[in-house]
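The structure under discussion appears below in the form of structure tokens.
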Amino acid sequence: MSDIETIVVRSRKLEQLLKDRYHAEGQGMHQLISSCEERLPHDVVRQLRFIATIRNKAVHEDSFKLENKRDFLKVYDECMFKLAPRSNRFIWRFAFFLMMVMTIASLLFYYIHWEYLEPHFFK
């Protein structure tokens, strides 16, 4: 994938996330950021502006060359991590934790009361 394609595809994903999750309105990425700036985490706004500036340069300048692709991808990944909904991760961790607690509690219960329960299980 070329640098320009990488930049445009990833910035489109961020734009869609801003529209869907943060109800951003506008044409370009800068307008989207401005329209929902108060609903965004403060440290992410600066990173989003950086990505929007890089995107605009990539699309509008003829001799654009991405100097450090690794930095751009790192900033993009940080933005996606901070902006993407994480409730699924929390719910699955909580469900797994609850299942483990219940399993350990039942094993402990059977271990403590096994001598009383064994005659009822194996008649």
Side-chain angles (χ1 to χ4, degrees):
M1 199 180 314
S2 70
D3 289 344
I4 294 175
E5 188 178 358
T6 301
I7 293 167
V8 171
V9 167
R10 287 192 165 77
S11 63
R12 288 293 300 152
K13 288 180 184 178
L14 281 171
E15 287 176 7
Q16 196 60 42
L17 181 66
L18 289 173
K19 289 177 184 177
D20 293 343
R21 168 113 181 181
Y22 295 94
H23 309 290
E25 297 175 352
Q27 293 293 88
M29 197 163 172
H30 282 291
Q31 287 180 357
L32 293 172
I33 296 166
S34 296
S35 71
C36 66
E37 192 168 357
E38 66 276 352
R39 292 185 295 273
L40 294 171
H42 295 292
D43 56 334
V44 176
V45 173
R46 190 168 143 205
Q47 293 173 329
L48 287 172
R49 296 263 184 218
F50 169 76
I51 291 173
T53 303
I54 295 292
R55 181 204 171 275
N56 287 344
K57 285 181 181 180
V59 172
H60 297 295
E61 291 181 7
D62 291 334
S63 62
F64 175 79
K65 178 155 174 49
L66 185 60
E67 296 296 325
N68 199 342
K69 189 173 184 178
R70 185 179 301 162
D71 286 344
F72 176 80
L73 293 175
K74 180 182 173 193
V75 170
Y76 167 78
D77 290 337
E78 288 175 7
C79 287
M80 285 301 285
F81 180 76
K82 291 176 184 176
L83 295 177
R86 293 187 292 267
S87 62
N88 289 338
R89 225 179 309 155
F90 173 76
I91 290 171
W92 281 109
R93 285 181 184 164
F94 180 73
F96 180 76
F97 175 74
L98 187 61
M99 182 188 68
M100 292 303 294
V101 167
M102 295 300 289
T103 303
I104 291 170
S106 62
L107 287 173
L108 186 62
F109 176 81
Y110 283 118
Y111 180 76
I112 293 171
H113 299 291
W114 183 250
E115 60 189 37
Y116 303 113
L117 297 173
E118 184 181 18
H120 299 288
F121 287 142
F122 303 110
K123 284 187 181 180

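No hydrogens, no waters, no symmetry mates; every other heavy atom, side chains included, goes into these values. Residue numbers run from 1 in the order of the sequence given.
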Which pairs, with at least one residue in residues 109-122 and sequence neighbours excluded, count as a side-chain hydrogen bond (donor to acceptor under 3.5 Å, both in side chains)?
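Qualifying pairs, neighbours excluded: none.
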Practice task
Sorted by first residue and then second, give each side-chain hydrogen bond (donor to acceptor under 3.5 Å, both in side chains) pair with at least one member in residues 36-54; sequence neighbours left out.
Solution key: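 Sorted pair list: His30-Arg49, Ser34-Arg49, Asp43-Lys82, Gln47-Glu78.
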Report task. Determine whether Phe121 and Phe109 fall in the same hydrophobic cluster, where Ile, Leu, Val, Met, Phe, Trp and Tyr are linked whenever their side-chain heavy atoms lie under 4.5 Å apart. Result ->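 Phe121 and Phe109: one cluster.
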What is the distance from atom [atom1] of [X] to atom [atom2] of [Y], rounded to the nearest 0.5 Å?
X	Y	atom1	atom2	value
Leu14	Cys79	CG	SG	6.0 Å
Glu15	Ile33	CD	CD1	8.5 Å
Met80	Leu73	CE	CG	12.5 Å
Cys36	Lys19	SG	NZ	11.5 Å
Asp71	Leu66	CG	CG	9.0 Å
Tyr22	Leu83	OH	CG	4.5 Å

Legend entry - Min side-chain heavy-atom separation Leu18-Leu48 under 4.5 Å: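 Yes, close enough: below the 4.5 Å cut-off.
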Fellow cluster residues of [X], listed by chain then number, with links counted only when side-chain atoms sit under 4.5 Å apart:
X	result
Val59	Ile4, Val8
Leu107	none
Phe97	Val101

Please report the C-alpha distance between Phe64 and Ile7 in whole Å, then the side-chain angles of each, then the deciding distance to 0.1 Å, and finally whether the side chain to side chain contact (heavy atoms under 4.5 Å, CB included) criterion is met.
CA-CA 12 Å; Phe64 175 79; Ile7 293 167; 3.7 Å; yes
- Task: Give a yes or no on this: more than 12 heavy atoms of other residues, nucleotides or ligands lie within 6.0 Å of atom CD of Gln31.
- Result: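 Result for CD/Gln31: enclosed.
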*Determine whether more than 12 heavy atoms belonging to other residues, nucleotides or ligands lie under 6.0 Å from atom CZ of Phe94.*
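No.
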query = Under the side-chain contact (heavy atoms from CB on, under 4.5 Å) test, which residues partner Met99, sequence neighbours left out?
reply =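 For Met99 the side-chain contact (heavy atoms from CB on, under 4.5 Å) partners, ignoring immediate neighbours, are Phe96, Thr103.
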Practice problem: List the atom of Thr6, the atom of Phe72, and the distance in Å for their closest heavy-atom pair. | Solution: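 That would be O-CE2, 4.5 Å.
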Run Arg10 and Ile51 through side chain to side chain contact (heavy atoms under 4.5 Å, CB included) and show every step you take. CA-CA 9 Å; Arg10 287 192 165 77; Ile51 291 173; over 6 Å; no
